[in-house]
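For reference, the structure is listed below as structure tokens.
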Amino acid sequence: MNPEFYDRPVLEVARDLVGCTVTHGQTSGVIVETEAYHQSEPACHAYAGVTPRTSTLFGPPGLSYVYRSYGIHALLNAVCEPEGVGAAVLIRALEPRAGIELMRERRGVMGQTQLCSGPGKLTEALGIGLHLNRTDLSGGPIAIGPRGAEPRIVAGTRIGITRAVELPWRFCAAGSPHVSRPWPPAMRRRAA
DNA sequence: CATGGGATTGACT
DNA sequence: GTCAATCCCATGC
């Protein structure tokens, strides 16, 4: 997808990324869960302003932002909005498509819904590390491609944060078993 | 230069 | 339900 796709309000991009395909090497998956982050709210790393760590977030749209979480996991984001605005979409879960056996080896689990059902899980399954920070998502080693049919989307509040917890900036593909837990309330009510 | 915290996960009670 | 693992970096002295 071209940089223009990301040069829009981060909430629009987060919603439109659900259903798109992420590819790295032999492995790929369809995005089933995203979260939006923006410099205007305190859960976003860019809230602190431009620092060596956050400079990627303020860079041109369409770049990757990969950072280490809890000293253990690499988390993958897509930088959005015009250069100078700090915003990104966190890729939280995928439905595995290609290279599933390789994902199983990397993750050490067999179940398809356990391979990529979390932001730290999917980077491990796809082999995405910190060295892929600030790479081009349209022509770089990580490629994000367009979706087919538009999926039905369920919105909820973001997961695992301590500030601005009330914002409904999490977007899930309705009924997908590959979404990370806990599922949004609107999705638990009825099976799919 | 020392310190503390975090957009998580998996193992355990 | 609780808790530890583990490291980059922001912050403060």
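Heavy atoms only: backbone and side chains are in, while hydrogens, waters and symmetry mates are out. So you know, we letter chains A, B, ... as the sequences are listed, proteins then strands, and number each from 1.
- Distance CG (Leu75(A)) to C1' (dT9(B)): 11 Å, rounded to an integer number of Å.
- Spacing between atom CD of Glu41(A) and atom P of dA7(B) amounts to 10 Å, rounded to whole angstrom units.
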Protein-nucleotides 1-5 of chain B N/O pairs under 3.5 Å:
none

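- Of the candidate nucleotides dT9(B), dT6(C), dA7(B), dT6(C) has the atom lying nearest to any side-chain atom of Ile72(A).
- Taking the charged nitrogens against the carboxylate oxygens, Arg106(A) and Glu124(A) have no contact shorter than 4.0 Å, which rules out a salt bridge.
- Stacking annotation: Tyr70(A) is not stacked on the base of dA5(C) (requires ring centroids less than 5.5 angstrom apart and an interplanar angle below 30 degrees).
- Arg170(A) has its side chain within reach of Pro184(A): a pair of non-hydrogen atoms, C-beta onward, lies under 4.5 Å apart.
- Minimum atom distance to the side chain of Lys121(A) is reached by dT9(B), of the listed dT8(B), dT9(B), dA10(C).
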> When Watson-Crick pairs (N1 to N3 and N6-O4 or O6-N4) and G-U wobble pairs (N1-O2 and O6-N3) count only below 3.5 Å on both distances, what is the dot-bracket string of DNA chain C, with | for other-strand pairs?
Replying inline: |||||.||||||.
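- Rounded to whole Å, atom P of dA7(B) lies 7 Å from atom CZ of Arg163(A).
- Taking every side-chain heavy atom of Leu130(A) into account, dC8(C) is the closest of dC8(C), dG10(B), dT8(B).
- With salt bridges taken as basic N to acidic carboxylate O contacts below 4.0 Å, none links Glu12(A) and Arg15(A).
- Defined by atom type and a distance below 3.5 Å, a donor-acceptor pair is present between the side-chain atoms of Ser180(A) and Glu33(A).
- Under the 4.5 Å side-chain heavy-atom criterion for ILVMFWY residues, a single connected hydrophobic cluster contains both Leu63(A) and Leu90(A).
- Of the N and O atoms on the side chains of His178(A) and Ser176(A), not one donor lies less than 3.5 Å from an acceptor on the other residue.
- Among the protein residues, Arg107(A) comes within range of the sugar-phosphate backbone only, with heavy atoms under 4.0 Å from sugar or phosphate atoms but none that close to a base.
- Within 4.0 Å (heavy atoms only), Ile161(A) reaches sugar-phosphate atoms of the nucleic acid but no base atom.
- As a whole-Å value, the separation of Leu90(A) CG from dG6(B) P is 16 Å.
- Atom CZ in Arg181(A) sits about 22 Å away from atom P in dA7(B), given to the nearest Å.
- Considering only residues two or more places apart in sequence or on other chains, Tyr67(A) meets the ring pair (Phe, Tyr, Trp, His ring centres under 6.0 Å) condition with His45(A), Tyr65(A).
- Rounded to whole Å, the distance from OH on Tyr67(A) to P on dC9(C) is 12 Å.
- Comparing dT9(B), dA10(C), dA7(B) by their closest approach to the side chain of Pro119(A) singles out dT9(B).
- Distance CZ (Arg68(A)) to P (dG6(B)): 18 Å, rounded to an integer number of Å.
- A cation-pi arrangement is absent between Arg8(A) and Tyr6(A), since the terminal nitrogen or guanidinium carbon is not both under 6.0 Å from the aromatic centre and inside a 45° cone about the axis.
- Residue contacts shown for Arg92(A) are limited to sugar-phosphate atoms, with no base heavy atom under 4.0 Å away.
- Ser64(A) and Thr135(A) share a side-chain donor-acceptor pair at under 3.5 Å.
- For dG6(B), neither phosphate oxygen OP1 nor OP2 lies less than 4.0 angstrom from any side-chain nitrogen or oxygen of Ser69(A).
- A donor-acceptor contact shorter than 3.5 Å is absent between the side chain of Arg97(A) and the backbone of Val30(A).
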